[in-house]
Protein chains: 2
Amino acid sequence: MRTLKYAILGLLNKKPMTGYDIGKEFNNKDLAEFWTAKHSQIYPELKKLLDEELIVYQIEISGEILEKKRYSITEKGKEAFLNWLKKDEPMEPTPKDIFRLRMYFSNNLDGATRLYLLDRQLIQHRDRLAHLNKNKERYDDIPPLESEEFGDYLVLSGAISREEATIQWLENFIAYCKNQDRNLSSL
Amino acid sequence: MRTLKYAILGLLNKKPMTGYDIGKEFNNKDLAEFWTAKHSQIYPELKKLLDEELIVYQIEISGEILEKKRYSITEKGKEAFLNWLKKDEPMEPTPKDIFRLRMYFSNNLDGATRLYLLDRQLIQHRDRLAHLNKNKERYDDIPPLESEEFGDYLVLSGAISREEATIQWLENFIAYCKNQDRNLSSL
DNA sequence: CCTTCCATGTAACTTGTTACATGATTTG
DNA sequence: CAAATCATGTAACAAGTTACATGGAAGG
């Protein structure tokens with residue numbers, strides 16, 4: 001489906017960047033909540049996009065020697081990107097989740113181990129949620145729809161509601177485990 | 001990480017199955033909410049598990065000619081599975097989501113297209129939620145923790161809360177779009 | 001000077017999808 | 001008897017991760 005291709009075009013459509021900059025967007029920024037890529041995947045993809053004439057680059061010298069390639073999107077690239085963006089694609093198949101797969105089999109665990117695993121997971125998701133909420137504090141208001149920051153705000157709030165749902169699910173599960181445990185030991 | 005390996009072991013730990021049966025579990029059942037695999041991935045994996053002596057099979061004749069291989073888990077396989085199941089693995093990196101990636105770039109769309117795409121997505125997620133809720137009706141009560149059906153109930157309720165969160169996010173987003181639109185056109 | 005970050009790439013491998021290939025059994 | 005389902009496999013490709021490989025720039 002070449003999603004990485006369009007993700008890169010989308011970033012370059014905002015402003016010219018180096019491969020390294022793209023890597024940071026995919027790893028340190030809010031966008032990373034819903035899309036990531038390592039540099040080992042980015043550099044070969046940039047080469048492909050050059051071949052397809054969707055991007056061009058300009059060499060810049062940083063310091064004395066170091067050359068960096070600042071890529072920008074071409075008209076052809078913009079067209080391809082906008083075409084992808086406006087397409088009405090069917091919903092994606094549900095994403096995989098190893099922890100839930102494991103819990104699917106959790107009847108094979110003893111009660112203590114199950115609770116331990118659930119608790120560890122809950123802690124991690126709560127930390128993550130706290131971190132996301134802290135990021136959200138940067139916004140006094142919801143940014144205007146047409147602004148660049150709106151995308152960031154959107155993925156951030158999406159990530160927050162996803163975490164909240166996960167935490168809710170974990171808490172319900174834990175409460176049920178504890179409840180069953182109490183009932184059994186009172187026999 | 002060999003997750004498919006352990007997913008198959010987990011299923012065979014419940015009861016002996018053919019490759020075809022495993023495919024059905026990964027595609028038609030509740031488990032498919034959090035793990036899937038095509039038969040083209042399953043058959044080669046079964047071969048690997050045989051090599052590793054974690055499973056064995058027995059040939060059964062169905063009708064006159066058709067041979068099917070019913071696989072079962074070995075003691076070694078059970079051990080490997082339980083070992084995997086009880087391991088406390090760190091939280092996974094956040095799963096990718098193409099639609100949210102697209103919406104991250106949605107400031108490049110005109111208001112009508114954006115609303116159209118959001119609406120289409122919302123419809124699909126509502127359908128999916130309705131379908132999941134219908135499945136949940138099978139359960140009068142939460143199944144006991146140690147039962148086989150508990151896993152099914154768990155992934156089902158996880159999928160429901162995930163869909164609810166997504167729908168909430170979409171509805172908020174749509175409301176904000178409509179609101180901004182009204183404010184702009186009243187100028 | 002030393003550590004962290006900037007910067008770019010390739011190679012080997014794992015995972016997963018789509019397509020190719022075949023044929024038997026069951027159900028209406 | 002035709003269609004849906006059962007049943008098992010392989011091949012080619014796409015996507016993604018880990019490891020290998022190199023070296024400059026900036027800041028403390």
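On a predicted model such as this, the values are computed, not experimentally measured, just so you know. Throughout, a chain's letter reflects where its sequence line sits, starting with A, and its residues are numbered from 1. FYI, side chains are in, hydrogens and waters are out, and symmetry mates aren't considered; it's all heavy atoms of this structure.
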Quickly work out the [X] [atom1] to [N] [atom2] distance and round it to whole Å.
X	N	atom1	atom2	answer
Q41(A)	dT14(C)	CD	P	17 Å
F26(B)	dT17(C)	CZ	C1'	16 Å
I42(B)	dT15(C)	CD1	C1'	14 Å
K38(B)	dT17(C)	NZ	P	5 Å
E25(A)	dA7(C)	CD	P	13 Å
E67(A)	dC6(C)	CD	C1'	15 Å
R2(B)	dT15(C)	CZ	C1'	11 Å

For [X], answer base if it contacts any base atom (sugar-phosphate contacts may also be present), sugar-phosphate if it contacts only those atoms, and nothing otherwise; contact means non-hydrogen atoms under 4.0 Å.
X	result
K5(B)	nothing
K96(A)	sugar-phosphate
T3(A)	nothing
K48(A)	nothing
T36(B)	nothing

TODO: Specify the residue among R70(B) and E45(A) whose closest nucleotide of DNA chain D lies further upstream toward the 5′ end.
DONE: R70(B)

Task: Comparing S40(A) and K47(B) on DNA chain D - which has the more 5′ nearest nucleotide - done: K47(B)

Open item on the list: For chain B and DNA chain D, what are the first and last nucleotides along the strand, 5' to 3', with at least one atom under 4.0 angstrom from a heavy atom of the protein chain?
Closed with: dT5(D) to dG16(D)

Task: Close side-chain approach of R70(B) and D21(B), heavy atoms under 4.5 Å - done: yes

Task: Validation row: L154(B), W169(A) side chains within 4.5 angstrom (heavy atoms) - done: yes

Within 6.0 angstrom of [X] [atom1], more than 12 heavy atoms from elsewhere:
X	atom1	value
K78(B)	NZ	no
K14(A)	NZ	yes
E79(A)	CD	no

TODO: Considering just the side-chain nitrogens and oxygens of K68(B), establish if one lies under 4.0 Å of OP1 or OP2 belonging to dA24(C).
DONE: no

